[in-house]
Amino acid sequence: MTSTGSSSSIEPAEAAGKEGTGTAVPAIGAARVDLAIGLVTFNDASTIPGIAAAVQASLDARQVPASSRILLADGGSTDGTVARMREALGPRASDLVEVSYPRLPGDLLELPYHGMPGRARALRAIMTSARDLGAACCVVLDGGLQNVTPHWIAALADPVIESGYDYASPFYLRHPFEGALTKGVVYPLFRALYGVRLRQPATGELGCSARMLETYLDDDLWDREGAQVGVDIWLAATAATGGFKICEVELGPRAHRSRGEAGLGLETTIVQVVGSLFADLETREEVWQRVRGSVSLPVIGDEVTMTLEPREVNVERLIESFRLGYRELRDIWSWVVPPRAIVELRKIANGPSDQFRLDDELWAQIVYDFVVGYRLRTLKRDHLLRSLTPLYTGWLASIIPQVRDLSPALAEARLERLAVAFEAQKAYLMSRWRWPERFRT
Amino acid sequence: MWQRFQRIVDQAMTRITDNIANFLPGVVVLVVILTASLLLAVITRYLLLRALQSLDFDQRTKQFGLSMRVDWSWHTSPSLVIARIAQWTILLLGLLIGLTALDAAIPSQFALSVFQFLPHLLAALFILVLGGLVARFLGRAVLISAVNMQIQQARLLSLTVKWLVLIIAAAMALDHIGIGRAILLMAFGILFGGIVLAMALAIGLGARDAVARAIERQMQAPERPEDKLDHV
């Protein structure tokens, strides 16, 4: 897998952008740095001062003074993001390096679930610059984060710098209802197929080593179709399948400013997130077919416990959504889901709402059926993934009452059972993958 | 008298013999052309079938999403359908060419008019096939989106879009081959005008109260807050 090369370039101080104040920027390549902190921003003037303050405090607090650079890849902000960043950094502004990357007009046509158009190109530019700087560790943060603390940067960097990890993935504290797509599809599928229990592979933050950077930059993932949307999952998958030393770090809750992605419909989110993972599975067929079981990851940092704001979800509406989907889309589902499973879905759809349950095994099989349907292009991939939405709402309606009154630990244990079911059903996926026609009945 | 009758019969017999002598080579040519086209059709069908099968055409058709959602059995696979179409096209062309060899006015004119008509017919067929594909695609897209938007009449909406596209495609195809152009336009006008008028009358007369109640309910109903969940 070879890269076509990076298209990034590092702006000198004077060309640091029209918003820039002309602060001197150190020449690249003058000295190796220990830590590169990459920031991906797009109209984040409201959140960037907080991030800058956290970065500054984190660097000041490091017990062993380390040389560092702050790499800013801005997606063409018009709200003064870059100027505010430089201003907020104060004396650390001399460490700021603006990294430019090609921005295409088409980026703005599709709003990704992470809210950052052209994110893959921005990350590639940051990683290329970090490698060129000889950084031992590169931490990437999203510019829309609202609650970054100095602890975050240290938590993501220290495992790499001090403990030799190649990839540090954040683990955010979330309400049991939040991140259901990650918990119900992405994590169990990622774990069952790649054999690594990485619980939040779609997050936008990470810490990685120089070795990991080299691997990323040599990978062809940047040029794949859908890279601007699915890059975070693909980076996590590269780390998980490449034999790298991985850990999770406890970062507490994550608050993120919406760049419009909050208004993204559920079906579009499913197309983007699940589609990215399905596309990745296709490219790593040789890898995941050899994986058996899964390994847990060391979790670094103290477990954050705090009372989360209670959430109310209208389960009845979710059930209605599933029933409507069953009534109108079962013909489409039957293209990918075997008749036996359709019968099970009929029983669930016709049953009383208070007994509405979608078994873990059935849910795992359905997700695997969609994986196979995606691979075989049984129908247009976009249609296939969109038709998964009512099934997902059905699963959500089933799981919410089960975790509603549980403590976070017990809710986690419940989701662990789901992940185990995905692992147990992996043989089903492999059979379907190899002999899809056997499952017509 | 008898001699005169004999002369007339002889002349008639001579004319018949001459006509047969003139016509017979044409028949021979027709038979030869038909035999050749039959042979060519069989060979083409065989070669085309082999070529399509070696290209894994049936599987690729499914992958491109063009399969018609029928369980293609061995005797109705897409490759076989194409091979059969090619075979019958060659046979038909052979027959038409053969008819011109007869040097008879009506068959020749018929063949010529068919040849002139053929491009229009093929274009119309292309429009129909394309329209069918677009209708299926749009119908499915509308159905899935409407279900995800929790529209109860998703199926009706989808069928409406599908049939609208199909009817437009059929009308374009018929227009292309020049069948009932004026009637077609009139039918469209009457159909759509009728639908709009029927809806207006239904709402204005029959369902006035129901519509008023529905609007009232909509205005008074408390807004159901959306569940703001971050799914990722």
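Protein chains get the first letters and strands the later ones, always in sequence-line order, with residue 1 at the start of each. For clarity, every value in this text was computed on a predicted model and none was experimentally measured.
Pairs passing the side chain to side chain donor-acceptor pair (under 3.5 Å) check and including a residue from residues 183-206 of chain B, sequence neighbours excluded, do not occur.
Smallest separation of non-hydrogen atoms from A:Ser387 and B:Ile144: N-CG2, 3.8 Å. Of all heavy-atom pairs between B:Arg140 and A:Lys380, the closest is NH1-N, 4.2 Å. The heavy-atom pair separating A:Thr182 from B:Val232 by the smallest distance is OG1-C, 3.1 Å.
Contact of A:Leu264 with chain B is not made at all, since no heavy-atom distance falls under 4.5 Å. At a 4.5 Å heavy-atom cutoff, A:Val186 makes no contact with chain B through either its backbone or its side chain. Only the side chain of A:Tyr113 comes within contact range of chain B, with heavy atoms under 4.5 Å apart. Using a 4.5 Å cut-off between heavy atoms, A:Leu266 contacts chain B through its side chain alone, with no backbone atom that close. When heavy atoms are compared at a cutoff of 4.5 Å, A:Arg174 approaches chain B solely by way of its side chain, counted from C-beta outward. Contact annotation for B:Ser158: neither backbone nor side-chain heavy atoms come within less than 4.5 Å of a heavy atom of chain A.
Enclosure of atom CZ in A:Arg327 by more than 12 non-hydrogen atoms of other residues, nucleotides or ligands within 6.0 angstrom is indicated. Residue B:Phe117 places its CZ atom among more than 12 non-hydrogen atoms of other residues, nucleotides or ligands, all under 6.0 Å distant.
Looking at B:Ile151 and A:Leu324, their side chains never come closer than 4.5 Å, going by heavy atoms from C-beta outward. Two residues are said to be in side-chain contact when any heavy atoms from C-beta on lie closer than 4.5 Å; B:Leu229 and A:Val313 meet this criterion. Residues B:Met149 and A:Glu267 form no side-chain contact, since every pair of their non-hydrogen atoms from C-beta on lies 4.5 Å or further apart.
A distance of 13.0 Å separates NE2 of A:His175 from CG of B:Asp230, quoted to the nearest 0.5 Å.
In terms of non-hydrogen atom pairs under 4.5 Å with chain B, the most contact-rich of A:Gly184, A:Gly265, A:Ser321, A:Ala202 is A:Ser321. Counting heavy-atom pairs closer than 4.5 Å to chain B, the top residue among A:Thr393, A:Thr269, A:Ile332 is A:Ile332.
A centroid separation of less than 6.0 Å is found between the aromatic rings of B:His231 and A:Tyr392.
Judged by distance alone, the side chain of B:Arg155 and the main-chain N or O of A:Glu328 form a donor-acceptor pair under 3.5 Å. Without hydrogens or angle criteria, B:Asn148 side chain to A:Thr389 main chain gives no donor-acceptor distance under 3.5 Å.
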